[in-house]
Amino acid sequence: MRFAPSPTGHLHVGGARTALYNWLYAKKTGGRFVLRIEDTDARRSTGDSYEGILRGLRWLGLGWDEGPDLGGDFGPYLQSTRGVFYHSDAQNLLEKGMAYYCFCTPEELEKRKEDSVRKKLDPKYDGRCRNILPEEAAARIDRGDGHVIRFRMPDEGNVVFRDIIRGEFSFSNSDLDDFILIRSDGKPTYNFAVVVDDARMRISHVIRGDDHISNTPRQVHIYNALGYRLPKFAHLPMILGEDRARLSKRHGATSIDYYREKHYLPDAMINYLALLGWSLDGKRELFERKALIEAFSLKKVSKNPSVFDNSRMEHINAEHFKKMPLFPKTVLAYRVLKDEGILPPDFKVDMSRPVDLKLVPGKEPILEEVLKEDRDFDQKEFQRLALIIKVFGNRLKLLKDIPEMLRYYYKDDFAVDEKAVSNYLDSAEARERMLLLSEELDRLKYFDVETVEEALRGLADRLDIDAGELIHPCRVALSGQAVSPDLFWVIIFLGKKKASERLRAAANPKG
RNA sequence: GGCCCCUUAGUCUAGUGGUCAGGACGCAUGGUUCUCAGCCAUGAAUCAGGGGUUCGACUCCCCUAGGGGCUACCA
């Protein structure tokens, strides 16, 4: 099994899915997952994308057993450093007469191809240099003539191979031409390098996108010519953009980096990617990593291309987030909050009385762990965050939404929904009530959810109005929004002083 | 142009001759609640088209159409 990306761009969802299936299959069967970088195109390969690909795979947790950074028994793992293998295998083919030197220039080739297209003929290589004698070729090379090495494709017959997902394939040799093995700059072409490397690296299974199906017959010829054993092939359906076109830059969020930066959960990403092109039974859709390895099977991979659906991705992410225990969830939230500058390290909580900590199960180990990495982080603050996360519950679906959603607990410059204000708060009556409510809060000796709720409902009774008449405007006053978790908890999280302040400010918009 | 792959709701899919064509996301409606989310219930929505084969086709065969790929000194 191997994943052999070329470092000519970022790691996109298609590449990641291919890597994932290779990884899953390797884990499932106890094989090795080999990472090889196909950088034979010097013009397009960059160090940045190489780094980016490794970063993406690491983030997804798809660790490899052999690779350019780790080494391994069949290295090196960068095609650009494997020249000697390609040349020796090409030489072998030359000696057997299964390959030959070709001196046609790119310009000539281009012209002849145009001609054939115009005459509606196959734009294949015409075999012009096929019969140049070895001595003559050697002489021309000595003379400094530019040359490539081509594969001598049989004129008749068929190539056949089996695909685990799609069954038998048979291609007629007459549809194939004498393709190039070694370019004039001495570098191998993809079809040649991939075979030499897969064979020499003892790759057992070639799992890749189905855009390689048509390349496979050429590769099979090379395997056979070189006397290498054929690996097993499995061609995965492509992942397309919403417009059903091949994925490209203009499709927006198709880079793994994007999801990493947006704080998606790697496990959710893995889960969703696994589902793009594979399903267990069409019913079960949530998988932990281990369950995925267990359930995965190449035979159940579908044949039809799929479209990356962001809303489904978000759904899977939300499900994973929902299932996460409070501790890791809080730690994650804490990191994001800090990253976004919402959470200052020296934040101090103002609560006249500690909130009910029964709500935080297993809080002691939590605190210890967090304190270990961040000495400056206030213990109480973390506790409060854990509670906020807990009370928000399923409202928090995506880690990336946390800064926005929790902003008003930490900052006074939170966003205000004008519509919410005009609906609930923008009346003399409501403002008056907010003032009364703030006074009510100020009078409280204790400050816990029950007490606060009693106070508010008591006030509503005395005013002879529905509790909602206080709750809704109060929510807007405190959070700027028409939506929030349980209002009484919001009051608790803000603390008596802050809550009362915001109520008074709302009662008095001018001041 | 040649060769190849694919085709079940908007999307991901289950389904290999007889099913009310199942599930999920999304969407809509109702219930619960202080709002929202959630949860529960309900609903709209699919076998690309045409020919065969068959007592019977989503399922098998052929054709057409649509989408995708390869046909590079890209991978």
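In what follows, chains carry the letters A, B, and so on, assigned in the order in which the sequence lines appear, proteins first and then strands, with residues in each chain numbered from 1.
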Choose from [options] the nucleotide whose nearest atom is closest to any side-chain atom of [X].
X: Asp41(A); options: A75(B), G69(B), C34(B); answer: A75(B)
X: His472(A); options: C34(B), A37(B), C73(B); answer: C34(B)
X: Ser306(A); options: A75(B), G23(B), C12(B); answer: C12(B)
X: Asp210(A); options: U13(B), C5(B), C12(B); answer: C5(B)
X: Asp309(A); options: C5(B), C25(B), G68(B); answer: C25(B)
X: Pro106(A); options: C73(B), C34(B), C70(B); answer: C73(B)
X: Phe488(A); options: U13(B), A75(B), C34(B); answer: C34(B)
X: Leu487(A); options: C34(B), C3(B), C70(B); answer: C34(B)
X: Arg475(A); options: C3(B), U11(B), U35(B); answer: U35(B)
X: Ile471(A); options: C25(B), C34(B), C6(B); answer: C34(B)

Sorted by number, residues from residues 146-167 of chain A placing a heavy atom under 4.0 Å from RNA chain B are Val148(A), Arg166(A)

For a quick check of understanding: with a heavy-atom distance under 4.0 Å over all strands, which category does [X] fall into, base, sugar-phosphate or nothing?
X: Pro237(A); value: nothing
X: His212(A); value: base
X: Pro305(A); value: sugar-phosphate
X: Arg284(A); value: nothing
X: Ile180(A); value: base
X: Asn215(A); value: base
X: Phe392(A); value: nothing
X: Tyr424(A); value: nothing
X: Cys104(A); value: base
X: Ala467(A); value: nothing
X: Asp486(A); value: base

Polar pair under 3.5 Å, donor/acceptor by atom type, side chain [X], base [N]:
X: Ser184(A); N: C73(B); value: yes
X: Asn394(A); N: C39(B); value: no
X: Asp211(A); N: A75(B); value: no

- Item | Contact check, side chains of Glu314(A) and Tyr264(A), non-hydrogen atoms, under 4.5 Å |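 Heavy-atom side-chain distance check passes, below 4.5 Å.
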
In whole angstrom, give the distance that lies between atom [atom1] of [X] and atom [atom2] of [N].
X: Glu319(A); N: C25(B); atom1: CD; atom2: P; result: 8 Å
X: Arg395(A); N: U33(B); atom1: CZ; atom2: C1'; result: 10 Å
X: Arg208(A); N: C4(B); atom1: CZ; atom2: P; result: 18 Å

Ion pair present between [X] and [Y], side-chain N to carboxylate O less than 4.0 angstrom?
X: Lys232(A); Y: Asp163(A); value: no
X: Arg395(A); Y: Asp401(A); value: no
X: Glu429(A); Y: Arg433(A); value: yes
X: Asp178(A); Y: Arg150(A); value: no
X: Asp281(A); Y: Lys283(A); value: no
X: Lys322(A); Y: Glu319(A); value: yes
X: Lys323(A); Y: Asp267(A); value: no

Euclidean distance for [atom1], [N] against [M] (whole angstrom):
N: A45(B); M: G22(B); atom1: P; result: 12 Å
N: C60(B); M: G15(B); atom1: P; result: 13 Å
N: G18(B); M: C4(B); atom1: P; result: 31 Å
N: U46(B); M: C58(B); atom1: C1'; result: 10 Å
N: G67(B); M: A72(B); atom1: P; result: 23 Å
N: U11(B); M: G30(B); atom1: C1'; result: 26 Å
N: C70(B); M: G10(B); atom1: C1'; result: 30 Å
N: A48(B); M: U7(B); atom1: P; result: 9 Å

Tell me which nucleotide, if any, is Watson-Crick or G-U wobble paired with [N] when both distances must be under 3.5 Å.
N: U53(B); value: none
N: U35(B); value: none
N: A24(B); value: U11(B)
N: U29(B); value: A41(B)
N: U16(B); value: none

Practice problem: Taking all heavy atoms of Tyr100(A) and all of Cys129(A), pick out the closest pair and write down the distance. | Solution: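 Closest pair (atom of Tyr100(A), atom of Cys129(A), distance): CD1-O, 3.4 Å.
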
Q. Side chains of Tyr259(A) and Asn310(A): donor-acceptor distance under 3.5 Å anywhere?
A.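 The answer is yes; a qualifying pair exists.
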
Q. Are a donor atom and an acceptor atom from the side chains of Gln79(A) and Asp39(A) found within less than 3.5 Å of each other?
A. no

Does [N] have OP1 or OP2 sitting under 4.0 Å from an N or O in the side chain of [X]?
X: Lys322(A); N: C39(B); result: yes
X: Asn191(A); N: C70(B); result: no
X: Ser279(A); N: C12(B); result: no
X: Arg246(A); N: C70(B); result: yes
X: Ser484(A); N: C36(B); result: no
X: Lys113(A); N: A72(B); result: yes
X: Lys300(A); N: U13(B); result: no
X: Arg244(A); N: C12(B); result: yes

Worksheet item: Taking everything shown except Glu108(A) itself, do over 12 heavy atoms lie less than 6.0 Å from its CD?
Response: yes

Ser302(A) or Leu396(A), whichever maps to the more 5' nucleotide of RNA chain B: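 Per heavy-atom nearest nucleotide, the more 5' residue is Ser302(A).
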
- With RNA chain B as reference, determine whether Val483(A) or Glu168(A) sits nearer its 5' end, using the nearest nucleotide of each.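 The residue closer to the strand's 5' end, by nearest nucleotide, is Glu168(A).
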
